[in-house]
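I'd like to ask some things about the structure below.
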Amino acid sequence: MATATKSKTPLDSKQDNEAPLTDKATSAAHDAVDALSSKAAAAESGVRKGATSSAETLNEKQLAAREKIEECTSKTRQLASENPLATAGIAFAAGMLVTALFRRK
């Protein structure tokens with residue numbers, strides 16, 4: 001099977017000889033883009049790992065907070081059922097305090 005090879009025409013040879021500065025600039029630009037690309041890929045990987053880690057930590061903290069809220073709620077309900085008179089007094093005092101704060105406007 002015959003393969004086609006590109007032969008240089010006189011115009012191609014002339015362009016190679018007349019534009020060495022352009023060729024160097026193009027090569028330097030390609031090298032810079034390649035270097036930037038690898039650094040950007042590394043940075044993206046680091047950001048993705050950090051985001052994943054943050055999401056996992058946030059989920060753990062949310063679960064811990066929910067457990068703590070449930071624990072405090074159950075203790076409050078137990079205290080309120082054991083001491084209904086004290087609970088009523090605290091609710092009355094809190095209502096008076098809120099009313100006094102709103103009247104000061």
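Hydrogens, waters and symmetry mates are skipped; everything else that's a heavy atom, side chains included, is used. The shown structure was predicted, so the numbers you read here are calculated from the model rather than taken from an experiment.
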Rounded to the nearest 0.5 Å, how far apart are CD of Q78 and CG of N83?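 Here the interatomic distance stands at 10.0 Å.
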When rounded to the nearest 0.5 angstrom, what distance separates CG in N59 from NZ in K61?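 Reported value, rounded in 0.5 Å steps: 12.5 Å.
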Do you know which two heavy atoms are closest between T87 and L79, and how far apart they sit?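 It is OG1-O, 4.4 Å.
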Using modelled atom types only, decide if a donor and an acceptor are shared between the side chain of S45 and the backbone of A41 within a distance under 3.5 Å.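 The answer is no, because no donor-acceptor pair under 3.5 Å joins these two groups.
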Donor-acceptor contact below 3.5 Å, side chain T99 vs main chain G95: yes
Go through the structure and list residues passing side chain to side chain contact (heavy atoms under 4.5 Å, CB included) with T26, not counting sequence neighbours. T22, H30
Is the side chain of S37 donor-acceptor paired with the backbone N or O of V33 at a distance under 3.5 Å, no angle test?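 It does not hold such a pair.
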Just wondering, more than 12 heavy atoms not from L85 lying within 6.0 Å of its CG? no
Once you round to the nearest 0.5 Å, how far does CD1 of I69 lie from CD of E67? 11.0 Å
Counterpart residues, salt bridge (Lys or Arg N to Asp or Glu O under 4.0 Å), relative to E44 (two or more places apart):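 Expected list: R48.
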Can you check salt bridge (charged side-chain N to carboxylate O under 4.0 Å, His left out) on R66 and E70, steps first, answer last? CA-CA 6 Å; R66 285 181 184 153; E70 289 175 11; over 6 Å; no
